Amino acid sequence: MSIRNELSLTFNEGLCERSGVTALILDESKDLKSTLKKLKETFGFIMLLDIIAIDNSMKENATKRFQLSYFLLNMEEHFRLQVILNFDNDRQEILPSASDIWTNAHWCEREIWEMFGISFGPDSEHRLLTPKEIIGFPLRKDFQLEIDEDYKSREFSFSKNLSLPKYKENLLETISIGPIHPEFKGSMKMNFEVEGDFILRSNFEVGYLHRGIEKTCEQRIYAQIPSLIEKLNFFSSAANSVGWCKAVEELSQIDIPDKAKAIRMVLCEFARVSDHAQCLASMVKSTGIFEGVQICRKISNKVANLFSALNGSTKGSYLNSIGGLNFELPVGWINDCLDELKSILSLSNELSMHLNRADFWKERLQTAPLNAYEAIDLGVSGPNLRSCGVNYDIRKVSPYYFYEDVDFDIPLGINGDSYDRFLVRVEEIRQSLRIISQVLDSLPAGQVRVDKEDLQCNTLNFKVQEKSIYSMIEAVNGELGFYIESDGSNCPYRVKIKAPSFSSAQAFSRMLPGTRLEDCMVSLSSMNIVLGELDR
């Protein structure tokens, strides 16, 4: 019996199809926690992808002020479920926390309290992404910006959930790194309690790059938003905009030309190669092997030159739009790509040989291990999850475009440490080159975007019917998901970005206890946490 039928037998009429996934609608909040626990223990929904809140106060037909959605994943069956709770919060009701069911729910609940004022208990009532002097909840529709002039300087506190080893009080020392550091891909602050060279506890302060992208999307038409999404991760701009355009096209039931789908695959894989090369360069630089840094930069420069030949942008920005691509391929660009694939493959092999010759390379990278159970519990995805030995890649289990028609392997690690993350990313570069080669060898003919007549509208004044969608791609760092709630206008009513770095950062702070302080930056680089993607 399929999991869909099993859910139907258990929950009867509460099950429906919504947002591109199966949805379970709950009537009362008192059943929320017991239902979530049952879904994990009985039905195998072992990963919490995200928790999404919506303020329905501007909807004419809404019966409740707020909607809360839990997006769950059964990894064995590749089945996604949306658990929906509609409720009013006039009496400041405290909802049950799911952080003891899935650990990564803690940051999700903190963000929801911060943005909407929906509380899951005292542990959730701490701002994560926005300054503490802000009064009110920014993603409520009636929010007006006010600042508390008596705000005092930010203080950090360590997680109460971390168990501490016994230590002598006089050996304890507190160290902070950031918010500006050359190894950070953005701005953040890491606070450590150390004993000698070893980290006992760690705490992250994020939000320094929070730009309110999700709020800004509510005031932008659909066609203006790709340029915002590309700024989530500067190193893989093209892949980010592919994810957004794909979500809007699914929401609007637009079928883009086959040639556009194929080229988008090429753009995503080149973005993966470039971003992985940047990540590897950071790891190598942290260990002082500067010859390896030069090899990584050569790989990134070759991809940048190919992107630049398309539209002048070295990161692939402004190539995608709703309905396809903004540019036709230049004459000779495909041949240039095929020539560079051989060169990039040679450089990746040279990088592996060069680093593995260094006796201390593998030894330095055997840090910050993460096992498969912890990774899933913390919502980690992408290369960081696969380095733990979990064979999960959206391009394989939920293929989009022509990924089911190309032949490529999914590299896996064993120990989930920094060395496995290095090995997985190097091999993913090689597999991306395989994908690009196959796609370019059989590139479909035709146009690269949908005709305006087929869109039945002006794309700059794009409107969709009132509905919602959750769409995802396998981005460079893992699952990049977009939840879009439409009210029928030319601007989205609500946009929620499921950013892979959000989960990776929460996991990393729990991986550090027991790690040597000198290995902290190598481990951080191996996780490839991009703060612009995390903060949004």
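Source: prediction; values computed, not measured. Below, all heavy atoms of this structure are taken into account, side chains as well, without hydrogens, waters or symmetry copies.
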**Message:** Can a donor-acceptor pair be found, under 3.5 Å and without considering hydrogens, that links the side chain of Asn371 to the backbone of Tyr373?
**Reply:** yes

**Message:** Quick check for you: to the nearest 0.5 Å, what is the distance between Asn74 atom CG and Ile3 atom CD1?
**Reply:** 4.0 Å

**Item:** Between CZ on residue Phe235 and CG on residue Asn528, distance to nearest 0.5 Å
**Value:**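 Rounded to the nearest 0.5 Å, the CZ-CG separation comes out at 8.0 Å.
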
**Message:** Just verifying a value: how many Å separate Glu77 CD and Ser2 OG, rounded to the nearest 0.5 Å?
**Reply:** 8.5 Å

**Prompt:** Under the side-chain contact (heavy atoms from CB on, under 4.5 Å) criterion, do Val397 and Asn391 qualify, and how do the steps go?
**Reply:** CA-CA 10 Å; Val397 300; Asn391 189 357; over 6 Å; no

**Item:** Smallest separation among heavy atoms of Tyr222 and Pro492, with atom names
**Value:** OH-CA, 3.5 Å

**Residues Lys298, Glu350: salt bridge by 4.0 Å N-O rule** = no

**Prompt:** How far apart are the C-alpha atoms of Ser526 and Ser418, what are their side-chain angles, what is the distance that settles it, and do they pass the side chain to side chain donor-acceptor pair (under 3.5 Å) test?
**Reply:** CA-CA 6 Å; Ser526 72; Ser418 298; 3.3 Å; yes

**Message:** Does Lys246 form a side-chain contact (heavy atoms from CB on, under 4.5 Å) with Tyr401? I'd like the steps, not just the answer.
**Reply:** CA-CA 10 Å; Lys246 174 177 173 287; Tyr401 298 154; 3.6 Å; yes

**Item:** CG-OG distance between Leu524 and Ser504, expressed to the nearest 0.5 angstrom
**Value:**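 The OG atom of Ser504 is 10.5 Å from CG of Leu524, to the nearest 0.5 Å.
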
**Prompt:** Would you call the rings of Phe482 and Trp244 parallel, tilted or perpendicular if under 30° counts as parallel and over 60° as perpendicular?
**Reply:**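 Perpendicular, since the angle between the ring planes exceeds 60°.
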
**Request:** Give a yes/no verdict on a cation-pi contact between Lys396 and Phe408, requiring under 6.0 Å between NZ or CZ and the six-membered ring centre and an angle within 45° of the axis.
**Result:**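 Yes; both conditions hold, so Lys396 lies above the ring face of Phe408.
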
**Prompt:** Do you know the tightest heavy-atom contact between Asn320 and Pro226?
**Reply:**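 Distance-wise, the nearest heavy atoms are O-CB, 4.4 Å.
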
**Tyr470, Tyr70, Phe71 screened by ring-ring contact (aromatic ring centres under 6.0 Å, His included) with Tyr483, the one that passes** =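 Answer to the ring-ring contact (aromatic ring centres under 6.0 Å, His included) test with Tyr483 among Tyr470, Tyr70, Phe71: Phe71.
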
**His276 side-chain N/O to Val273 backbone N/O, donor-acceptor pair under 3.5 Å** =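 Checking the backbone N and O of Val273 against the side chain of His276, no donor-acceptor pair under 3.5 Å is found.
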
**Pair Phe204 + Phe508: ring centers closer than 6.0 Å** =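 Aromatic pair counts; centres sit under 6.0 Å.
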
**Asked** Any chance CD of Gln219 has more than 12 other-residue heavy atoms, nucleotides or ligands included, within less than 6.0 Å?
**Response**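 More than 12 heavy atoms, drawn from other residues, nucleotides or ligands, come within 6.0 Å of this atom.
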
**Fill in**
Sorted by chain and number, sequence neighbours left out, side chain to side chain donor-acceptor pair (under 3.5 Å) with Arg430 holds for Asn349, Ser352, Glu427

**Prompt:** Taking C-beta and beyond as the side chain, do Val476 and Val530 meet within less than 4.5 Å on heavy atoms?
**Reply:** no

**Prompt:** Just by distance, with hydrogens left out, do Ser237 and Glu230 show a side-chain donor and acceptor under 3.5 Å apart?
**Reply:**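 Looking only at side-chain atoms, Glu230 and Ser237 do not form any donor-acceptor pair under 3.5 Å.
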
**Asked** Would you say the side chain of Ser525 lies within less than 4.5 Å of the side chain of Lys285, judging by non-hydrogen atoms?
**Response**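 No - every pair of side-chain heavy atoms lies 4.5 Å or more apart.
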
**Prompt:** Does the side chain of Met283 come within less than 4.5 Å of Arg425's, by heavy atoms?
**Reply:** no

**With sequence neighbours excluded, residues passing side chain to side chain donor-acceptor pair (under 3.5 Å) with Asn233** =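 Counting only residues at least two positions away or on another chain, Asn233 forms a side chain to side chain donor-acceptor pair (under 3.5 Å) with Ser236, Asp275.
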
**Prompt:** Can we say Lys261 and Glu249 salt-bridge, meaning some charged N sits less than 4.0 Å from an Asp/Glu carboxylate O?
**Reply:**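 Salt bridge between Lys261 and Glu249, a charged N being under 4.0 Å from a carboxylate O: no.
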
**Prompt:** Are any of the side-chain heavy atoms of Leu49 and Met472 separated by less than 4.5 Å?
**Reply:** no

**Asked** Hey, is the main chain of Tyr493 close enough, under 3.5 Å, to the side chain of Glu485 for a donor-acceptor pair?
**Response** no

**Request:** Identify the two heavy atoms, one from Ile51 and one from Ala105, that lie closest to each other, and give their separation to 0.1 Å.
**Result:** CD1-CB, 4.2 Å

**Prompt:** Is Asp535 reaching over with its side chain to a backbone N or O of Val206, donor-acceptor style, under 3.5 angstrom?
**Reply:** no

**Message:** Just so I know, are the side chains of Ile497 and Val495 near enough to count as touching, which here means a heavy-atom distance under 4.5 Å?
**Reply:**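 In contact.
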
**Asked** Is the backbone N or O of Ser486 less than 3.5 Å from a side-chain atom of Arg494, with the two atoms forming a donor-acceptor pair by type?
**Response**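 No, because the side chain of Arg494 does not come within donor-acceptor range (under 3.5 Å) of the backbone of Ser486.
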
**Message:** Quick check with a 6.0 Å cut-off and a 45 degree axis cone: is Arg264 positioned over the face of Tyr400's six-membered ring?
**Reply:** no

**Item:** Spacing of Leu129 atom CG and Leu534 atom CG [to the nearest 0.5 Å]
**Value:**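 Leu129 atom CG to Leu534 atom CG measures 7.0 Å (nearest 0.5 Å).
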
**Prompt:** Would you say Leu443 has more than 12 foreign heavy atoms packed within less than 6.0 Å of its CG?
**Reply:** yes

**Message:** To check you understand the geometry: which heavy-atom pair defines the closest contact between Gly379 and Asn104, and what is its length?
**Reply:** CA-ND2, 3.7 Å

**Asked** Quick one: do Glu479 and Lys498 make a salt bridge, cutoff under 4.0 Å?
**Response**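 Looking at Lys498 together with Glu479, the answer is no, because their closest N to O distance does not fall below 4.0 Å.
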
When the side chains of residues 323-336 are checked against the rest of the protein, which donor-acceptor pairs come out under 3.5 Å, sequence neighbours left out?
from   : atom 1 : to     : atom 2 : distance (Å)
Asn326 : OD1    : Ser321 : OG     : 2.9
Asn326 : ND2    : Tyr318 : O      : 3.1
Trp333 : NE1    : Leu306 : O      : 2.9

**Message:** What's the separation between atom OG in Ser69 and atom CD1 in Ile84, rounded to the nearest 0.5 Å?
**Reply:** 4.5 Å

**Request:** Kindly say whether Pro500 contributes a backbone atom to a donor-acceptor pair with the side chain of Ser381 at under 3.5 angstrom?
**Result:**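 No, Ser381 side chain to Pro500 backbone: no donor-acceptor pair under 3.5 Å.
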
**Message:** I need the minimum non-hydrogen distance between Pro138 and Arg127, along with the two atoms involved.
**Reply:** CD-NH1, 4.3 Å

**Request:** Report yes if some heavy atom in the side chain of Leu280 is under 4.5 Å from a heavy atom in the side chain of Ile299; otherwise report no.
**Result:**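 No, their side chains stay 4.5 Å or more apart.
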
**Fill in**
Hits for salt bridge (charged side-chain N to carboxylate O under 4.0 Å, His left out) against Glu218, two or more places apart or cross-chain, chain-then-number order -> Lys141

**Prompt:** Above 12 or not: heavy atoms from other molecules or residues under 6.0 Å from CZ of Phe137?
**Reply:**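 Buried by this count: over 12 neighbours within 6.0 Å.
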
**Message:** I'd like to know if the side chain of Glu114 and the backbone of Leu128 have a donor-acceptor N/O pair within less than 3.5 Å.
**Reply:**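 Looks like yes, one N/O pair under 3.5 Å.
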
**Asked** Donor-acceptor pair, Ser274 side chain versus Ala271 backbone, under 3.5 Å?
**Response**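 Checked: no pair found.
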
**Asked** Within the distance-only criterion (no hydrogens, no angle test), does the side chain of Glu533 pair as donor or acceptor with the backbone N or O of Ser501 below 3.5 angstrom?
**Response** yes

**Message:** Determine whether a donor-acceptor pair (N or O, by modelled atom type, separation under 3.5 Å) exists between the side chain of Arg536 and the backbone of Gly212.
**Reply:** no

**Prompt:** Can Glu428 and Arg386 be counted as an ion pair, charged N to O under 4.0 angstrom?
**Reply:**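 So Glu428 pairs with Arg386 through a salt bridge.
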
**Partner residues of Ser343 under the side chain to side chain donor-acceptor pair (under 3.5 Å) criterion, sequence neighbours left out** =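 If we apply the side chain to side chain donor-acceptor pair (under 3.5 Å) test to Ser343, skipping adjacent residues, the hits are Lys302.
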
**Asked** So which heavy atom on Leu209 is nearest to which on Gly532, and how close?
**Response**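 For Leu209 versus Gly532, the nearest heavy atoms are CD1-N, 3.9 Å.
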
**Request:** Using side chain to side chain donor-acceptor pair (under 3.5 Å) as the criterion, list what pairs up with Asp407, not counting sequence neighbours.
**Result:**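 If we apply the side chain to side chain donor-acceptor pair (under 3.5 Å) test to Asp407, skipping adjacent residues, the hits are Arg434.
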
**Asked** Side chains of Ile473 and Ile394: closer than 4.5 Å at any heavy-atom pair?
**Response** no

**Request:** Evaluate the side-chain proximity of Val439 to Phe402: yes if any heavy-atom separation is below 4.5 Å, no if none is.
**Result:** no

**Tyr208 vs Leu531, side-chain contact (heavy atoms from CB on, under 4.5 Å): CA-CA, chis, key distance, verdict** = CA-CA 8 Å; Tyr208 291 93; Leu531 276 304; over 6 Å; no

**Request:** Check step by step if side-chain contact (heavy atoms from CB on, under 4.5 Å) holds for Leu319 and Ile263.
**Result:** CA-CA 10 Å; Leu319 288 171; Ile263 296 174; over 6 Å; no

